[in-house]
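Here's the structure, in structure tokens; my notes come after.
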Amino acid sequence: MFTALGDWLVQTPLHTFFSDTTKMSTWLIVPMSQTIHILAVSVLMICAGLLNLRALRIAGTRETLGKVASNVMPWTWGALTVLLATGIVQTIAEPTRELGSTTFLTKMTLVLISVAIAAVVQNTTKGDENYWERTAQRQSTVSLLAVASLTLWFGIAVAGRLVAYAT
Amino acid sequence: MFDAINGLLAWIDNTTFAENVRESLWLFPTMECIHVLSIVFVVGSITRLDLRLMGLVERHRSVTELSDQMLPYTWTAFIVATIFGVLLWSSKPIAYLGMAFFDVKMVLMALAGLNMVFFQLVTFRNVSLWNSDSIPPFSARFAGAMSMAFWVSVVICGRFIGFV
């Protein structure tokens, strides 16, 4: 399915435009898109770090988890929006390399799981800032989610860089 | 002087390590991955502080609270990024020095460092006077803006090195 999508994208005018390296204006599209992508990853990783280290009670314990979530989640969603937009540009520019790569598809799967975890933490703390700290069981659960989330985001960043080397 | 530098660069270029990095399929990507991830943490953590210095975010928190929280991560990530950056560079030292984006990146990092030293030695000395101000004085806002501009430019140059 993804290979077929890649084959279709190759034939689109947008792909021709994004991958045209004969003109400076179009040659700049992919590297600039990748630069913005990396800057958005910086924002995302710091937000993920702040939220998950607070969930693990390693840092930021002066504020409730709900308060930290309400501070960092708007930035997280903003960064994810930028990542999606620049990611789409890069996929259209190089559809075969991206969509035909197991590394890329693994990265996308991990992204979906990580976003789901972040959304769960955000939504559960919206009505009750101390939701995850009310019982020992909830504290254990959110600690597990935080470890999973940190591992996943780290894996996503590594996979993202390795897509460049995928054949 | 130049002969000595050229000799040193040629020696680095001919080391077994440089040869191994050039020939290995996984060594360069692995080191690059660690380098890029460290840069991501450097830029992300310093940006949070820069934005606070500019009075744009988390105005309810003191500047020192944020700097105490973020700078240990910034420095750790910076040390890792530097170590792996040097290792990556040593795989093709002459070729990298011949790339304008690489040279500009080094200059920008030096400027970011100078900006930080000036900030620490001059502006930050009287931080107690404006630590909790929602909008810090012009010198602090300026230092934050310059730091952000330098680091974003470092990332731009770093990415473009891969395209030339």
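What you see below is based on every heavy atom in this structure, not just the backbone, and it leaves out hydrogens, waters and symmetry mates. The sequence lines fix the lettering, A, B, ..., with proteins before strands; numbering per chain opens at 1.
- No continuous path of ILVMFWY side-chain contacts below 4.5 Å connects B/Phe118 to B/Leu129, so the two sit in separate hydrophobic clusters.
- Within the 4.5 angstrom heavy-atom criterion, only side-chain atoms of B/Leu51, from C-beta onward, approach chain A.
- Within the 4.5 angstrom heavy-atom criterion, no atom of A/Leu44 approaches chain B.
- Residues A/Leu51 and A/Leu152 fall within the same hydrophobic cluster, defined by Ile, Leu, Val, Met, Phe, Trp and Tyr side chains chained together at heavy-atom separations under 4.5 Å.
- With sequence neighbours excluded, the residues satisfying side-chain hydrogen bond (donor to acceptor under 3.5 Å, both in side chains) with B/Asn126 are B/Trp130.
- At a threshold of 4.5 Å between non-hydrogen side-chain atoms, the residues A/Leu99 and A/Leu9 count as touching.
- For the set B/Ile34, B/Val43, B/Leu25, the count of heavy-atom pairs under 4.5 angstrom toward chain A peaks at B/Val43.
- A 4.5 Å side-chain heavy-atom check between B/Phe17 and B/Leu87 finds at least one atom pair inside the cut-off.
- Neither the backbone nor the side chain of B/Val42 comes within less than 4.5 Å of any heavy atom of chain A.
- With a 4.5 Å cut-off on non-hydrogen atoms, B/Phe160 touches chain A through its side chain but not through its backbone.
- In this structure, the portions of B/Val155 lying under 4.5 Å from any heavy atom of chain A include both its backbone and its side chain.
- Applying the ring-ring contact (aromatic ring centres under 6.0 Å, His included) test to pairs two or more places apart or on separate chains, none has a residue in residues 84-127 of chain A.
- Contacts of B/Ile156 with chain A are made by both backbone and side-chain atoms, with heavy-atom separations under 4.5 Å.
- Between B/Val122 and B/Ser139 the shortest side-chain heavy-atom distance does not fall below 4.5 Å.
- Side-chain contact between B/Asp103 and B/Val107: absent, with no pair of heavy atoms (C-beta onward) separated by less than 4.5 Å.
- Interface remark: of the candidates A/Leu39, A/Val41, A/Ile36, A/Leu39 forms the most heavy-atom pairs closer than 4.5 Å to chain B.
- Sequence neighbours left out, not one pair with a member in residues 88-100 of chain B passes salt bridge (Lys or Arg N to Asp or Glu O under 4.0 Å).
- For the pair A/Val30/B/Phe163, a side-chain contact is recorded, criterion being any heavy-atom separation below 4.5 Å from C-beta on.
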With 3.5 Å as the limit, can you list every donor-acceptor pair between chain B and chain A, backbone and side chains included?
{"unit_1": "B/Glu32", "atom_1": "OE1", "unit_2": "A/Arg161", "atom_2": "NH1", "d": "2.7"}
{"unit_1": "B/Glu32", "atom_1": "OE1", "unit_2": "A/Tyr165", "atom_2": "OH", "d": "2.4"}
{"unit_1": "B/Glu32", "atom_1": "OE2", "unit_2": "A/Arg161", "atom_2": "NH1", "d": "3.0"}
{"unit_1": "B/Val40", "atom_1": "O", "unit_2": "A/Ser42", "atom_2": "OG", "d": "3.2"}
{"unit_1": "B/Arg61", "atom_1": "NH2", "unit_2": "A/Glu63", "atom_2": "OE1", "d": "3.3"}
{"unit_1": "B/Arg159", "atom_1": "NH1", "unit_2": "A/Gln34", "atom_2": "OE1", "d": "2.1"}

